[in-house]
There are 2 protein chains.
Amino acid sequence: MDTRRISEDRIFAALASPVRREVLRLLREEGPQPVQQLAGHFAMARPSFSEHLRVLREAGLVTERKVGRQRLYELEAVPLNEVQQWLNPFERFWRDRLSGLCDLLDRMDDEPDRPDGEP
Amino acid sequence: MDTRRISEDRIFAALASPVRREVLRLLREEGPQPVQQLAGHFAMARPSFSEHLRVLREAGLVTERKVGRQRLYELEAVPLNEVQQWLNPFERFWRDRLSGLCDLLDRMDDEPDRPDGEP
DNA sequence: ACTATACGTAGGAAATTTCCTACCTGTCGC
DNA sequence: GCGACAGGTAGGAAATTTCCTACGTATAGT
């Protein structure tokens, strides 16, 4: 099976949309689902949502199987391994920087930013 | 400094372009460089390349500092940590699938569930 | 067989991205 | 100062993405 042979470009492009990332998260947390159920989370016409599913499918990030008249979409996480592999060589760079920032974050701890609007 | 507060969307969008991913790789492997040297790797007009640098800058993935009349670009890997964090919950899924391909015994040892629907 | 349901495809408008050719700004060497 | 160089901004064309409204196809239930 060459599930892994999908191009890096398609994978990163697929992940560029917040809608598609959310779909992947839903499939991960709630398991395989028919289109209907997935689409319920988005304020978007059905065909538009189908487009997003197609992009995910062509990136190899989901698989589809017919169950009755529904189509069950399931997470296919293997291509995400390519993202991980791309990311790996960068890790030591942000680890260095993050440990440097540790002191700073220690002080700010739990106050992200609250300009002054507090109703 | 809100380097870490850059939106996930911008980061993923920045990574969607192969040109920009290659820029990040170059900065990682060859260290900080002026625009000229970076641009040498791409068959593209200078202003187009500047556009890509701007996207990376606004995603917080590079920093710029002036040195003489050049501008040295440097990798800022911290935001990539957000990608890693997004990726983390998916890891066990692809590990399962990959080890399933490589080592069948591993599955039989630690997976009582049998989700295969074979016609 | 007929209808309703689930979901895709077709075709197109609007927004965004990606590239280009000018042109402008700031710095170095003289 | 003045010319050369590094690199950005402006404005626009072409391609791509993202969304829409129809319409087509397949299956389930009656």
Side-chain angles (χ1 to χ4, degrees), chain A residues 6-27 30-76, chain B residues 6-27 30-76 117 119:
Chain A
I6 308 281
S7 93
E8 194 181 81
D9 279 12
R10 272 176 202 254
I11 298 168
F12 274 101
L15 296 182
S17 156
V19 169
R20 292 190 291 262
R21 288 198 307 278
E22 177 67 3
V23 168
L24 294 180
R25 193 192 63 77
L26 286 165
L27 291 177
E30 305 177 6
Q33 296 171 56
V35 177
Q36 209 181 8
Q37 193 174 341
L38 280 171
H41 295 85
F42 304 92
M44 179 185 304
R46 202 59 56 80
S48 308
F49 189 64
S50 273
E51 248 330 270
H52 284 293
L53 290 179
R54 192 181 57 77
V55 173
L56 287 170
R57 228 162 42 225
E58 290 181 353
L61 288 165
V62 298
T63 57
E64 167 212 63
R65 64 176 193 275
K66 297 175 68 171
V67 174
R69 62 183 139 177
Q70 299 187 324
R71 283 173 198 198
L72 233 55
Y73 275 79
E74 182 167 8
L75 177 65
E76 172 52 79
Chain B
I6 307 282
S7 90
E8 196 181 81
D9 280 11
R10 271 176 203 258
I11 298 168
F12 274 101
L15 297 182
S17 157
V19 170
R20 293 191 289 262
R21 288 199 306 278
E22 177 67 3
V23 168
L24 294 180
R25 194 192 61 78
L26 286 164
L27 290 177
E30 304 176 6
Q33 296 170 56
V35 177
Q36 209 181 7
Q37 193 174 338
L38 279 172
H41 294 88
F42 303 92
M44 179 186 304
R46 203 58 56 82
S48 308
F49 189 65
S50 273
E51 241 339 84
H52 285 293
L53 290 179
R54 192 180 58 76
V55 172
L56 287 170
R57 227 163 42 226
E58 291 181 352
L61 288 164
V62 298
T63 56
E64 166 213 65
R65 63 176 193 274
K66 297 176 67 169
V67 174
R69 62 182 140 178
Q70 299 187 323
R71 284 174 197 197
L72 233 55
Y73 275 80
E74 182 167 10
L75 177 64
E76 172 52 78

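Proteins get letters first, then strands, A, B, ... in listed order; numbering begins at 1 in each. The figures here come from the full heavy-atom set of this structure, side chains too, leaving out hydrogens, waters and symmetry mates.
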Check whether any side-chain N or O of B:Arg20 sits under 3.5 Å from a backbone N or O of B:Ala14 as a donor-acceptor pair, and report yes or no.
->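 Yes, the answer is positive, given that a donor and an acceptor are paired below the 3.5 Å cut-off.
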Do any N or O atoms from the side chain of B:Arg57 and from the backbone of B:Val62 form a donor-acceptor pair under 3.5 angstrom?
->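 Here the side-chain-to-backbone pair does not exist.
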Counting side-chain heavy atoms from CB outward, which of D:dC20, C:dC7, C:dC19 is closest to A:Ala45?
->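 Within the option list, the nearest is D:dC20.
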Closest to the A:Pro34 side chain: C:dC20, D:dA6, C:dC7?
->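 Output: C:dC7.
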Would you say [X] reaches [N]'s phosphate, i.e. side-chain N/O to OP1/OP2 under 4.0 Å?
| X | N | result |
| --- | --- | --- |
| A:Arg20 | D:dT18 | yes |
| A:Lys66 | D:dA26 | no |
| B:Ser50 | D:dG8 | yes |
| B:Gln70 | D:dA6 | no |
| B:His52 | C:dC19 | yes |
| A:Ser48 | D:dT18 | no |

Within the 4.0 Å heavy-atom criterion, would you say [X] contacts the bases, only the backbone, or no part of the nucleic acid?
| X | result |
| --- | --- |
| A:Arg46 | nothing |
| A:Tyr73 | sugar-phosphate |
| A:Gln37 | nothing |
| B:Pro47 | base |

Could you tell me which non-hydrogen atom of B:His52 sits nearest to which non-hydrogen atom of B:Ser17, and how far apart they are?
->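 Nearest pair, atom of B:His52 first, then B:Ser17: CE1-OG, 3.8 Å.
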Atom pairs and distances, side-chain donor-acceptor, residues 36-48 of chain B, under 3.5 Å, sequence neighbours left out:
from    : atom 1 : to      : atom 2 : distance (Å)
B:His41 : ND1    : B:Gln37 : O      : 3.3
B:His41 : ND1    : B:Leu38 : O      : 3.3

Mind checking the OG1-CG spacing from A:Thr63 to A:Leu27? Nearest 0.5 Å is all I need.
->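 If we round to the nearest 0.5 Å, A:Thr63:OG1 and A:Leu27:CG are 9.0 Å apart.
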Starting at the 5' end of DNA chain D and moving along, which residue's nearest nucleotide shows up first, A:Arg69 or A:Glu51?
->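 With A:Arg69 and A:Glu51 compared, the 5'-side residue is A:Glu51.
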5'-most contact on DNA chain D: A:Ala43 or B:Phe49, nearest heavy atom basis?
->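 Between the two, 5'-proximity favours B:Phe49.
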